[in-house]
Number of protein chains: 2
Amino acid sequence: MSQLISLRERKRTETWVALHAAAAELTLAHGPENVPVEEIAARANVSQRTFFNYFSTKEDAILGLQEPFIDEVWLDGFSVDHDLLEQTSRLLMAVVHSTEGGEPSASRRIEVVRNYPHLRQRRFSYFLRVEQLVKDAVAERIAESPRWQSAAGRHSADETARMVVLVAGAPMRYAFQESINEPTIDNQYLALEGATALLREVLEEIR
Amino acid sequence: MSQLISLRERKRTETWVALHAAAAELTLAHGPENVPVEEIAARANVSQRTFFNYFSTKEDAILGLQEPFIDEVWLDGFSVDHDLLEQTSRLLMAVVHSTEGGEPSASRRIEVVRNYPHLRQRRFSYFLRVEQLVKDAVAERIAESPRWQSAAGRHSADETARMVVLVAGAPMRYAFQESINEPTIDNQYLALEGATALLREVLEEIR
DNA sequence: GAGAAAGATTGCAGCCGCTGCAAGTTTGCA
DNA sequence: TGCAAACTTGCAGCGGCTGCAATCTTTCTC
């Protein structure tokens with residue numbers, strides 16, 4: 001009864017973490033090009049073959065990326081009729097935050113991403129998958145909302161949701177970049193606050 | 001006097017085109033995984049080694065990507081005081097359009113991108129570089145504009161420009177996706193028109 | 001128009017990321 | 001305790017990509 005999760009499962013996440021940590025640390029020390037997968041695996045006490053059972057790519061290991069998912073809980077207070085922009089923005093952030101893992105790895109990841117543009121790109125293209133996931137969730141809600149059915153007119157829920165996510169994603173992209181440029185801002189949520197405000201200002205001004 | 005460009009230069013772009021064409025065609029025929037670089041090079045009558053003198057990556061060759069740049073001409077009518085959103089959007093499109101080359105390769109590229117998600121991601125991350133380029137151009141203009149100096153208040157020109165590009169980039173990302181989903185729309189400019197309109201509607205509704 | 005300089009192409013040898021397979025080991029469950 | 005499912009591992013191999021040094025082609029200069 002003490003073990004809510006099986007030994008197997010525990011072991012698995014353990015080596016996952018070990019591999020990610022090893023990959024990130026070695027990368028920070030020597031640069032991604034100078035760190036063979038073999039070395040990463042060795043540092044985590046597994047074979048090279050096992051490494052590729054956990055990550056399909058060396059870059060994924062360095063960044064500690066895993067399949068994004070949406071926890072139903074995050075959708076609890078979610079209403080498309082109120083502050084849709086900010087809510088969607090937060091939902092995006094929640095997904096990224098959960099799959100990227102908070103913990104000490106956060107600052108490590110930021111430093112990695114800051115130093116190596118190639119990895120930055122990888123992270124952004126990971127964000128694309130997240131956006132798609134969120135888009136589907138939002139589209140579903142919009143489709144159910146009476147308000148949007150009349151309002152959005154000739155556009156489908158999916159089309160509208162896609163655009164909403166694109167706009168709502170802007171603060172998050174911005175926050176990504178901000179955390180790269182502004183090392184002192186560790187907490188990306190902070191950057192996100194500022195970005196959302198800035199977004200509103202820009203939209204106001206652009207009108 | 002007949003040769004405004006040197007023979008060397010002509011030859012170079014010739015084999016560039018040949019390589020890109022070979023890569024794209026073979027990919028459409030057999031899928032990117034089943035097309036070794038050796039085969040692409042052979043079809044373009046060059047050695048494999050030469051291939052890598054032209055493209056740093058097989059994927060780049062398939063998509064025909066090259067370093068993005070901003071032609072000064074495109075900035076002629078550009079004013080940050082009027083329709084900034086649409087103008088920036090068009091600037092983004094101009095850059096992408098010029099570097100991706102119009103010609104017959106356009107429809108080929110769309111098909112490639114539609115069929116292979118991995119290449120789609122590559123194209124998107126290419127778009128990131130374009131955005132950064134455009135951001136710098138816009139930031140410069142904003143910095144010079146009296147209107148923005150008073151308006152944007154506590155944000156720097158660079159910050160503001162970054163956000164503007166992010167929002168203005170939304171229709172373009174949307175158009176990318178649209179051209180993927182809606183095969184009949186060959187001309188991405190058309191998709192862009194619709195996307196910009198949709199963006200305005202969404203912004204209106206979201207308020 | 002000859003010869004030097006600059007640029008492009010090529011083969012070769014080799015590193016390393018990544019994969020499929022088949023055998024071995026560990027964990028979960030009845 | 002014994003079987004099934006999950007996980008690890010070694011091995012052999014493909015193929016993308018690189019540096020290097022030799023050769024060939026275009027351009028420049030006088």
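Every heavy atom of this structure was used, including side-chain atoms; hydrogens, water molecules and symmetry mates were not. As the structure is a prediction and not an experimental result, all values here were calculated from the model. Just so it is clear: chains get the letters A, B, ... in the order the sequence lines come, proteins before strands, and each one is counted from 1.
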For Asn115(A), check side-chain hydrogen bond (donor to acceptor under 3.5 Å, both in side chains) against everything at least two apart and list the hits. none

Who passes side-chain hydrogen bond (donor to acceptor under 3.5 Å, both in side chains) against Glu59(B), sequence neighbours left out? His118(B), Arg122(B)

Can you measure [X] atom [atom1] to [N] atom [atom2] for me and round it to whole angstrom units?
X        : N       : atom1 : atom2 : value
Asn53(B) : dT18(D) : CG    : C1'   : 11 Å
Glu38(B) : dC14(D) : CD    : C1'   : 12 Å
Lys11(B) : dT25(D) : NZ    : P     : 8 Å
Glu59(A) : dG17(C) : CD    : C1'   : 11 Å
Glu14(B) : dT9(C)  : CD    : P     : 12 Å
Lys58(B) : dC18(C) : NZ    : C1'   : 13 Å
Phe51(A) : dC18(C) : CZ    : P     : 7 Å
Phe52(A) : dC18(C) : CZ    : C1'   : 5 Å

Nucleotide of dC7(D), dT9(D), dT10(C) approaching Arg12(A) most closely (side-chain heavy atoms): dC7(D)

Among residues at least two apart in sequence or on other chains, which ones pass ring pair (Phe, Tyr, Trp, His ring centres under 6.0 Å) with Tyr126(B)? none

Residue set satisfying ring pair (Phe, Tyr, Trp, His ring centres under 6.0 Å) with Tyr54(A), at least two apart, ordered chain then number -> none

Please list, chain by chain and in numerical order, all residues satisfying side-chain contact (heavy atoms from CB on, under 4.5 Å) with Gln121(A), sequence neighbours excluded. Ser125(B), Arg129(B)

Holding to side-chain contact (heavy atoms from CB on, under 4.5 Å), I want the full list of residues that pass it with Glu14(A), two or more places apart in sequence or in another chain. none

With sugar-phosphate meaning primed atoms plus P, OP1 and OP2, does Tyr54(A) contact a base, only sugar-phosphate, or nothing at under 4.0 Å between heavy atoms? sugar-phosphate

Residue pair Ile62(B), Tyr116(B): steps toward the side-chain contact (heavy atoms from CB on, under 4.5 Å) verdict: CA-CA 11 Å; Ile62(B) 295 173; Tyr116(B) 305 103; over 6 Å; no

Name each donor-acceptor pair under 3.5 Å that joins a side chain in residues 131-143 of chain B to protein atoms two or more places apart or in another chain, with its distance.
from, atom 1, to, atom 2, distance (Å)
Glu131(B), OE1, Arg173(B), NH2, 3.0
Glu131(B), OE2, Arg173(B), NH2, 3.1

Interface with DNA chain C, restricted to residues 22-35 of chain A and to heavy atoms under 4.0 Å: Val35(A)

What's the separation between atom CG in Leu75(A) and atom CD in Gln87(A), rounded to the nearest 0.5 Å? 10.0 Å

Nucleic acid contacts of residues 42-49 of chain B, taken as heavy-atom distances under 4.0 Å to DNA chain D: Gln48(B), Arg49(B)

Has Glu38(A) got more than 12 heavy atoms of other residues, nucleotides or ligands less than 6.0 Å from its CD? no

Is the shortest side-chain N/O distance from [X] to OP1 or OP2 of [N] below 4.0 Å?
X        : N       : value
Ser6(B)  : dT27(D) : yes
Thr50(A) : dC7(D)  : no
Thr57(A) : dC18(C) : yes

ring-ring contact (aromatic ring centres under 6.0 Å, His included) contacts in which one or both residues fall within residues 59-90 of chain A, not counting sequence neighbours: Phe69(A)-Trp74(A)

Sequence neighbours excluded and cut-off under 3.5 Å, please list the side-chain donor-acceptor pairs for residues 40-53 of chain A, or say none.
from, atom 1, to, atom 2, distance (Å)
Arg43(A), NH2, Glu25(A), OE1, 3.0
Ser47(A), OG, Arg49(A), N, 3.3
Ser47(A), OG, Thr50(A), N, 3.1
Ser47(A), OG, Thr50(A), OG1, 3.1
Arg49(A), NH1, Asn53(A), OD1, 3.4

For the helix from dG1(C)-dC30(D) to dA30(C)-dT1(D), measure the angle between the helix axis at one end and the axis at the other, each built from five pairs, rounding to 10°. 30°

